[in-house]
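Starting from 1, each residue takes its place in the sequence as its number.
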Amino acid sequence: MDVLDPAEFGSVCYPEPDGVAPQRLIELVSRLDNVVGAAITEHAPSGGPGDSEAEVIRGLGAALRL
């Protein structure tokens, strides 16, 4: 998750300034075919994921067809 723009998804260990917008990452991942393996990592909420962050994670899971 640390590839995401921390202004839009801040619960990561190593934020990447000017990273990818969450919706853009979901769009790119959804175009992939024949994915053998994938993992959603580096999600580190301080108190629990907010609704928008949970939606990003659900969107990535859906894009990966999990």
Side-chain angles (χ1 to χ4, degrees):
M1 304 303 289
D2 57 0
V3 69
L4 296 174
D5 186 342
E8 296 186 49
F9 192 96
S11 296
V12 295
C13 294
Y14 303 100
E16 183 62 38
D18 301 318
V20 178
Q23 190 57 42
R24 178 70 177 143
L25 180 61
I26 292 168
E27 290 169 5
L28 292 170
V29 168
S30 69
R31 294 180 186 171
L32 298 174
D33 288 326
N34 302 316
V35 175
V36 175
I40 296 175
T41 62
E42 293 299 327
H43 183 234
S46 60
D51 289 339
S52 63
E53 290 184 358
E55 189 60 35
V56 169
I57 293 169
R58 282 192 291 275
L60 283 170
L64 289 166
R65 296 163 190 91
L66 299 177

> What salt bridge (charged side-chain N to carboxylate O under 4.0 Å, His left out) pairs are there with at least one residue in residues 8-20, not counting sequence neighbours?
Replying inline: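 Passing the test, one end in residues 8-20: no pairs.
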
> If every non-hydrogen atom of Leu4 is compared with every non-hydrogen atom of Pro22, which pair is closest and at what distance?
Replying inline: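 Result for this residue pair: CD2-CA, 3.7 Å.
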
> Do Val56 and Met1 touch side chain to side chain, with heavy atoms closer than 4.5 Å?
Replying inline: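 Result yes, sub-4.5 Å side-chain heavy-atom pair found.
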
Extract all donor-acceptor atom pairs below 3.5 Å that involve side chains of residues 29-40 and protein atoms in other chains or at least two apart in sequence.
residue, atom, partner, partner atom, Å
Ser30, OG, Ile26, O, 3.3
Ser30, OG, Glu27, O, 2.8

>> Between Ile57 and Val3, is there shared hydrophobic-cluster membership here, with clusters defined by ILVMFWY side-chain heavy atoms closer than 4.5 Å?
In response: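 Linked within one cluster.
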
>> Suppose we screen for side-chain hydrogen bond (donor to acceptor under 3.5 Å, both in side chains). Which residues come up paired with Arg24, at least two apart in sequence or across chains?
In response: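 Not a single residue meets the side-chain hydrogen bond (donor to acceptor under 3.5 Å, both in side chains) criterion with Arg24.
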
